[in-house]
Structure formats: structure tokens, C-alpha cells
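The sequence lines fix the lettering, A, B, ..., with proteins before strands; numbering per chain opens at 1. Nothing here was measured: the structure is a model prediction, and the numbers come from that model.
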Amino acid sequence: MSDYRPQDLDKKWQQRWSASRAFEVTADPARPKFYCLEMFAYPSGHAHVGHVRNYIIGDVMARMKRMRGYNVLHPFGWDAFGLPAENAAIKGGIHPEVSTRSNIAHMKGQLQRLGISYAWERELATCDPEYYKWNQWLFIRMFEKGLAYRRRSSVNWCPSCQTVLANEQVVDGGCWRCGTPVETRDLEQWFFRITAYADELLDATTQLTAWPEKVLTMQQNWIGRSEGARVKFPLERGTGNTEPGTDSIEVFTTRIDTIFGATFVLLGPEHPLVATFAETSSDPAGFRRKAQDFRLQDKAARVSGEIEKQGFDTGRRAINPFTKEPVPIWVANFVLGDYGTGAVMGVPAHDQRDFEFARKFGLPIRIVVTPDGEPAGGADAMKESASNYGTLVNSGEFDGLTSEDALKRMTAVAKERGIGEGTVQYRLKDWGISRQRYWGTPIPMIYCEKDGIVPVPDDQLPVELPRIAQFTGRGDSPLAQVPEFVNVRCPKCGGPARRETDTMDTFVDSSWYFYRFADPRNDRMPFDPAAVKYWLPVDFYSGGVEHAILHLIYSRFFARVFRDLGLVEHSEPFTQLLTQGMVLKDGNVMSKSKGNVVDPDTMLQKSGADALRLYVMFVAPPEKEVEWTDAGLDGSFRFLARVWRLVDHWAETIGGDGIGSPDDCPGLSADERAVRRKTHDTIRRVTVDIEQRQQLNTAVSAMMELVNELYAFSEQTLTGAPGHRDDDDPAHAGEAERAETICVMREAIEALMLMLSPFAPHAAEEMWEKLGHETSLVVAPWPEFKAAVARAEEIVIPVQVNGKVRSRLTVPAETSESELERLARADAAVQAHTAGKTVKKVVVAKGRLVSIVVQ
RNA sequence: GCGGAAGUGGCGGAAUUGGCAGACGCGCUAGCCUCAGGAGCUAGUGGCCGCAAGGCCAUCGGGGUUCGAGUCCCCGCUUCCGCACCA
């Protein structure tokens, strides 16, 4: 009898797997592949159990699929560029390259100590020039196709990180990383034209049937497609204030059916006409100041949520193109400059914002849609806008049309008259990728006075980061302070030129790393298309939901870019997505600042890798948030020790040669048949739970039930159950265990070892070896479910009388419906509740239940 | 405001197709055992009534459909998440 001591086992098996290169793979078209991937890690230095949970989920999938016969690719790598390393360099003087490499080494050790079955020979780090070279290569391809472009624009600026942020990286008006409120700056920036794929990215969400609905909804919201119309409101020709070129204001509306109620036009403060109107106003300076105030307010509004509606009259008027009436033009603080046309028509009767605005400034309200098409009473009594669809009134030739019909009809009419057209607007904007920082991929572009923007020639890639000795965190982009880097010859004319000094958003790095894993050492291409064709798409991808619209939408975009470059054939990179829940401590997210981080290394020392793995899988379904408890970890340890004792106790009896399958034993007792039934039912449950449901907690429960049953059964045998007081009964000393029992127990315990191995691989391997096996469980075939064995012989059928269970019948499984009804009616307990009453109805669900209705 | 998910014992959770609510684990209680260990084994553990057999109540609240509802429908409440003056 040996105690369960996981710490020694962990090391032993990790070394064996490593020495035998157990998890390395090569493409093999003759075998079905399974690409199992967990979101790679930012090398912060320490994995916490939240990360670890994700990797274990993936490892259970990967190990199980390997045993199911798949050629499993399960790689890992490092999202190694990023601000924390650079900020640490500014503070502590350690070069990002040095700290990143050392962090990677430490975290890799942690993951290896967990026994995660990674194909480490494919490991990559995005800060490797061999990797980021292909970021640059791809950037140039995108530039050639017009998918990467440079423009001056108003951008989100994080004053703390000293860099620009993409729209996706602004959360509640603050920086996604540090929370500092963002500012607006006008800068020359590189953009990726993700909007070119807006429609496709949106439409294809319906095909992502194995993604969580929540993530798809978030992406749909983010893309924010809305159908409507652009309509021109001509400027009223006043005396002496006409401007050539700008003779109308174009608005975007989703409710052209309400246009007869448009009693004013609103311009966002950024609208170009605002500046024009300011010039000709009586007080140009005051006009501009008011508009500028609104622009500054906008940022504050995004942070705080709501601001009061404000506006001022420009003194100018436009003509409503449907009513032909002149309407005043106002500037309003709530009209967004970068959505639609930056101008809207004001329909106070049918839009709550316009309603509030009109009430505040005494602008007219006209009702043009009513629920029943009856003309409405006075608008003065309205308390809020009537935003629902209805039937048109006060709308000239369109009276009587439903809103739905009017939307189509009026859009068509606008087009005929040349005053507008149907259009689609997206909330999604192009992805700004320039970052004014050092620790990222240099943007491979050169500015020449003569030739303009020139890409670095492919044969000069990668543009490597220059080594910088001192990080000050002040001044321009750090690369701009390195003259040897900046000053360069123009590749076209050979004349003096300068390099782009911004680096790429690190989300560029992570948007395609899963392709590189298919062919990680390729030095001629980002990857061999044939390798990607075999391995991709990723079959199972797991990671945190915080990437629902960042990483996951960018990756879907990149897949389409690669597709359109002819490098991949699919459009969607991830077939199935699992978003794992966070691990909380004391109800809070774990973080260093809160001091509530659960360190995996401590847990490993205390309980070993397997108990930690098992607990994290058992505590809740993978998507759910969980609260960390040390007691739960102890419970999992106890379970493993319990299995250990069981196997230890039986190993000698069942581990020998020449033991056949119980299929060949004709004389099994009822108890032995019951054990087999439980064994095979457990195989079915565990298989379905892992492979189809990803409900890993119930897979563990099922195995616990099997172990409980094996303990109970063991007590009935000569061998006995470990720990029980009747253990090794001297009365039966020297007697041999029944051959049938040996067959059945061996089948059960071996199946258990196989099923347990994805969860607790070290302990399972050790016990497997103890049972006399010489080959590793890594390549052992998954146990086969035999439906005939699992089928119950006798079942318990509840009998309900008026919906309450009054008795239970124990009957052969195949008992017919009529026989069930007969038995139920004859049952004494049932009769006690039916006596003296009329049976109105009997429902028999074969194999399930009998329901009798009496009155 | 719009959209999504969820609400089950003291706790984490289970219930796969509308069919025995509470599997499995934690915790707790009792007994056994002693290689005093991170022990182990066995039994019990939703609430109320009852000596018991048994009965009644119970899956956020209220209605409904059904022989039968944690599960389906309607109306609320609460929590979490996403988007949010997007015209």
C-alpha cells in the first residue's frame, strides 16, 4: 500500500512525455485532425488560476480527442508585445526584451508543471522578428490592396499610456488597459479597412452555430448595421449668404416615413457647415466658441453617460424636401459628427431626443404617424415622442400608408426626385492601428519627399526594432528618437527619406497567430497554405469573453484578408468558441492590487497538478464564473486518493495476464452485471459531456459515481474495499476471487483510468502502469461504450395519481405500456388513492412513468 | 433606453427529449476504525407535521397550458453582462 503522493508523479510523467515527444504532431491527411487552441498569453510573469482554468479546459479536450483517434494540434505561444513591458522599462530600466523573455520562461515552467499537453516545439512569441516580419509583410499586402491606409483623423488618446487607442479599446470612455479617460487628438494614423467587411462579418455571424450567442450578439451590436436613407435638405436661398458647392445638408434617417414631421435640422458640432455658417454669422467668434464647447463636451459625455441636450440656432434655414417648408438649422451637442452624415432631421413628434430638444427650445412639433391613421389631437399635450410604427397622416400623398410601406415608398420617391437614396450605416469604424510606442511591430513604411509613402521592399523585411538603452516615456514615439532608425534611403529613388516611427497595435499580432502555429518556422511565407488547409480552422477555441469584440472580430477580419490574398480557403477561423468564466476570490476578480491572487504554484505544491486540474474542472461548467475555495481543492485531492487506494487495492488481483473481457463471461451475477452497466453508462456520460457538451463538471461527477459504486461492490467481494473494516477478512484467506469479478473490475477500473487521464493525467498514468501497462495513456484508445451492456434490465417506474407520485413499480425494462397500466392499477398504494373514484385518464410513457387521473 | 444571460438546499452545482427536483462535491451530524492522517470507512443531511407508516410544502414572485412544468407561454421582480443621444 502506497499513499497518493502527487508531487513525485507529476515530475516523473512530465519528463516522460517530454522525452518521448508525446505531444508533437505532423500533418497527416490520412487522419482526421483536431485543432485545439486556448487564447495565447500575455507574458505578465505569473499565470493565475483564471488563465490556468482556460488551459486545463483545452487540455482535457486535446487529450480526450487524441485518445479518440484524432491528430491533435495543441500549441501555445506568447502575445509578447505590449505596453506593460515598456512601462516597466521606463520605471525600472529593464529592457522589454529582457523582461519579456524572462517572464515567458517562468510562465512556461508553470504550464509545464500543470502537465498541459502542448506541442512546445511550435511555441512562438510575437516579439520574435521571425514572427513580426510577417505582420509587416501582411501590412504591405494590405496597403497594396487599399486595406491599409493613412489619414489624419480625430483619434482616442490615452494620456497615461501615451498612445492612440482603437474604438474597440475604449471602454466606458476610458482606456481598456488602464481606465484613464481618453482624450481626442488629431493625428496622422494608419487604419485597416475593416468596414469593407462589415456586412460579411455581420451576416456570417448566423453561420457561427457553435459560438456562444452572447458573443455573436455583442459582435452584431458592435457592427451596428442600420438601414435607412440619406436625404438632402436644400439650404434656403437667403439674400447675400449663398455659398457655392454647399447647397444642401444631407441627413441620415431610419425613419423617412416621419419626414413630414421634420420641423428642424440639426448639425453635429463637427459638421463642415458649422464653420461655414460661423463665418457669415453676426458673431463668428461666439458661434465658433459655442460649437467648440460642444465638441469638448462630447468626451465628457462618453465618460459620464448622459449630458443635457443643448443647442443654438444658426440663423439659417433649410427646405424640407417633402413639405417644401423652410425649417430652422440648429447645432446640437448630441449629434455625432462621425456617424451617418453628421446631421439629422429633427422629428420631435416621433423621436424622443428631438422631442426633448423641441420642448426645450420651443420648436414646433407635428404628428405625422398615428396608430390607426386617424388624425391626432394637439401635439401640445404630448409627454413623450411616439416612436412606434403606425399609419401616416399629414403627409400629403403618403397619407394612409403604414410606416413599413412608407419607408419603401418614400425612399423610392426620394431617389426619383434626386434628393436621396436608401443606404446602410454601420457603427463599426475602421481600425486605427498606429501606436506611438516602442514595444511592438514597426510599421514597414518609408516617407520620401519625392515618392511619398513607399513600402519597405519585401527582401528588406523584417524592419527590426532598434535596441534602445534608455526608456524615458517622454517626447515622441520612442523610435522617432533613434536617428539611425529614422533616416533611410528611399527604396524607389534612393534619396533621403524617413521611416514611419509608430508601431502596430498588438491586436494585429494576435489576429493571425493561430495560422502561424500550423507552420511556425516558415521563413519564406507567413505559413504554408497547405499546412493551414490541413489544420485550420481551429476546431475548439477557448478564452475569456473580454475578447468578444476585440480579438475575435479582428481575427475574423484577418481570416477574410488572408482568404482574399489566396492564402486560406475558409472565411471563419474558429469553428467552436468557448468563453470560459473567470475565477473569483472573495467575490472579486483576482488582481495583484487586491492582493487576492491564487498562485497555481502554491496549489501545485500543496495538492499536485491533478487535484488542481480536477477541481477547476469539477467546480462549475466552463463558461460560468467560479469562486475559488481551498476546501474544494481538498475534495478533489481526496477523490484522487480514493481512486488511488481502490486501484492499489485491486492492482494485484486484476493486473495479471490472461484476464479476458467480461463479454466472454457467461455467468455474471446480478451485482456484476450492475457494475458493468454502471461502467458503460459512465463511459457514455463522460464521452458526451466532454465531446459534445463541454460540460466537464458533470463528466467528473459521473466518474465519482462510478468510484462510489466500485467501492460498494468491492465490499461484496473477497478482495474487499480499501479502508473498510472488513477488509482482508481472515475467514476467506487464501480463497481466490471469482474470475467473473476480476473481469468486471478490470474492465471498470481500466475504463476509469482512461476517462480520468484527460483530467488527472499524472495519477492516471501511474496507476495504469501499476496495472501492468507499458504504453502511455496519451495514445491509449478511449473506452468503447457498449449500449447493450449499459441497457438496464430492470427499471423503476413512478406511478402518479393526479400528478403526485404514489408508488413505484420495479419492472423489466421492456415491459409494455398495457402491462405497465395493468400493474399500476393493481398496485396497492395506487389503489389507496384511486379507491371509490373514477379513473378519467391513464397516460403511460413507456420506460418512464405512469400517470393516472381520477375524479 | 436597446439587446443578451441567469435566478434551484447552509455553499458550488445536477436534472441530456415536458416525466421520480436536489446527482456529484463542499460543509455539517452520528457511528466505526486507529498506520493519529491532509486520515479512512459507513450512515444521515431541502422545509414543516408525525413515534412511525406516511402526508403536506418547495426550483425568484404571480398567472396560464398540460395527465404531468425547474424545463413551455404571459405579466412582474432581482442580479450579472454588452451597447448606449448611432438619428
Side-chain angles (χ1 to χ4, degrees), chain A residues 1 3-4 171-172 212-222 224 226 228 251-255 258 266 268 298 301-302 305-307 309 332-336 338-341 343-347 351-354 356-357 387 425-427 545 548-549 606-607 615 618-621 623-627 629-639 641-642 645 685 688-689 692-693 695 697-698 700-705 707-708 711-712 715 721-727 796-805 808 829 832 840-845 847-854:
Chain A
M1 176 77 189
D3 285 344
Y4 173 51
V171 178
D172 293 334
E213 205 180 331
K214 174 187 175 147
V215 172
L216 296 177
T217 308
M218 285 169 70
Q219 292 210 352
Q220 286 155 4
N221 287 344
W222 189 261
S226 75
V251 303
F252 173 72
T253 179
T254 55
R255 291 298 303 273
T258 64
L266 298 175
D298 190 39
R302 291 174 75 173
E306 286 257 338
I307 52 167
K309 290 184 175 49
N333 62 342
F334 64 92
V335 176
L336 304 173
D338 58 356
Y339 183 78
T341 61
V344 300
M345 62 184 199
V347 186
D351 181 285
Q352 184 59 24
R353 295 157 299 184
D354 298 345
E356 288 168 25
F357 195 78
S387 317
Q425 278 297 323
Y426 296 95
R427 213 185 69 101
V545 73
I549 45 177
K606 185 179 156 216
S607 306
Y615 166 59
F618 175 62
V619 66
E623 320 78 49
K624 272 204 72 140
E625 271 184 2
V626 297
E627 173 72 25
T629 61
D630 287 351
L633 178 62
D634 293 345
S636 292
F637 180 93
R638 281 203 290 270
F639 170 71
R642 190 166 151 87
R645 287 191 300 273
R685 286 169 61 187
V688 171
D689 281 351
Q692 291 167 33
R693 302 205 307 156
Q695 188 102 336
N697 55 329
T698 49
V700 178
S701 306
M703 289 187 280
M704 288 173 166
E705 282 184 45
V707 170
N708 289 345
Y711 264 76
E715 270 192 75
H724 193 262
R725 64 180 181 282
D726 295 334
D727 184 357
V796 177
I797 301 281
V799 182
Q800 296 183 345
V801 179
N802 286 351
K804 291 193 193 301
V805 177
R808 292 182 173 84
K840 302 286 285 183
K841 190 171 182 179
V842 180
V843 179
V844 182
R848 289 185 183 274
L849 135 160
V850 179
S851 179
I852 299 171
V853 188
V854 296

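When the nucleotides B/A84, B/G25, B/G13 are ranked by their closest atom to the side chain of A/R427, B/A84 comes out on top. Out of B/C83, B/G19, B/C85, the shortest distance to the side chain of A/Q800 is found at B/G19. If you check B/A87, B/G25, B/C56 against the side chain of A/K804, the one that comes closest is B/C56. Closest to the side chain of A/R645, out of B/G40, B/A87, B/G4, is B/G40.
Remark: A/N697 is in phosphate contact with B/A14, judged by side-chain N or O atoms under 4.0 Å from OP1 or OP2. A sub-4.0 Å separation between OP1 or OP2 of B/G13 and a side-chain N or O of A/T698 is absent. Contact annotation: A/Q352 does not reach the phosphate of B/G1 (side-chain N/O to OP1 or OP2, under 4.0 Å). Contact check, A/R638 against B/G27: a side-chain N or O comes under 4.0 Å of OP1 or OP2. The shortest distance between the side-chain N/O atoms of A/Q219 and the OP1/OP2 oxygens of B/G82 is not below 4.0 Å. Side-chain nitrogen and oxygen atoms of A/R642 include none within less than 4.0 Å of the OP1 or OP2 phosphate oxygen of B/A39. A/R848 has no side-chain polar atom (N or O) that falls below the 4.0 Å cut-off from OP1 or OP2 of B/G18. Here A/Y615 does not reach the OP1 or OP2 of B/G25: none of its side-chain N or O atoms lies under 4.0 Å away. An OP1 or OP2 oxygen of B/G13 is reached within less than 4.0 angstrom by a side-chain nitrogen or oxygen of A/K624.
Note that the CZ atom of A/R642 and the OG atom of A/S636 stand 13.5 Å from one another [nearest 0.5 Å].
Residue-level contact check: A/S636 touches neither bases nor backbone, having no heavy atom under 4.0 Å from any strand. The residue A/V842 sits apart from the nucleic acid: no heavy atom pair falls under 4.0 Å. Residue A/P212 is out of contact with every strand shown, counting any heavy-atom pair closer than 4.0 Å. A/Q695 comes within contact range of the sugar-phosphate backbone alone, with a heavy-atom separation under 4.0 Å but no base atom that close. A/N708 comes within 4.0 angstrom of sugar-phosphate atoms only, judged by non-hydrogen atoms across all strands, and of no base. Among the atoms of the strands shown, base atoms are found under 4.0 Å from some heavy atom of A/V843. If you check every strand for non-hydrogen atoms under 4.0 Å, A/Y711 touches sugar and phosphate atoms only. Residue contacts shown for A/V335 include a base, since a base heavy atom lies under 4.0 Å away.
Comparing B/C11 with B/U65, their C1' atoms sit 35 Å apart, to the nearest whole Å. The P atoms of B/G37 and B/C48 are separated by 39 Å, rounded to the nearest whole Å. Using atom C1' as the reference point in both B/G47 and B/G9, the two lie 9 Å apart (nearest Å). Atom P of B/A23 sits at a distance of 10 Å from the matching atom of B/U45, rounded to the whole Å.
For the pair A/F618 CZ and B/C24 C1', the computed distance is 5 Å after rounding to whole Å.
Nearest-nucleotide positions on RNA chain B place A/V626 closer to the 5' end than the other of A/V626 and A/M345. Both A/Y4 and A/T341 lie near RNA chain B, and the one whose nearest nucleotide falls closer to the 5' end is A/Y4.
When Watson-Crick and G-U wobble pairs are counted only if both distances are under 3.5 Å, B/G82 pairs with B/C2. Pair assignment for B/A69: none, as no Watson-Crick or G-U wobble contacts are both less than 3.5 Å. If you check B/A43 for Watson-Crick or wobble pairing at under 3.5 angstrom, you find it paired to B/U29. The partner of B/C48 is B/G55, judged by Watson-Crick or G-U wobble contacts that both fall below 3.5 Å.
There is a side-chain donor-acceptor pair under 3.5 Å between A/T629 and A/Y615.
In this structure, B/G9 is classed as syn because its glycosidic torsion stays within 90° of zero.
Here the options are A/V843, A/I797, A/V801, the test is side chain to side chain contact (heavy atoms under 4.5 Å, CB included), and the partner is A/V850; only A/I797 passes.
At distances below 3.5 Å, at least one donor-acceptor pair connects side-chain atoms of A/N802 with backbone N or O atoms of A/V854.
Note on ring orientation: taking the six-membered ring where Trp is involved, the planes of A/F637 and A/Y4 are tilted (angle from 30° to 60°).
A salt bridge is defined here as a Lys NZ or Arg NE, NH1 or NH2 lying under 4.0 Å from an Asp or Glu carboxylate O, and A/D634 with A/K606 meets this definition.
Taking 3.5 Å as the limit, the base of B/C67 and the side chain of A/K840 contain no donor-acceptor pair of atoms between them.
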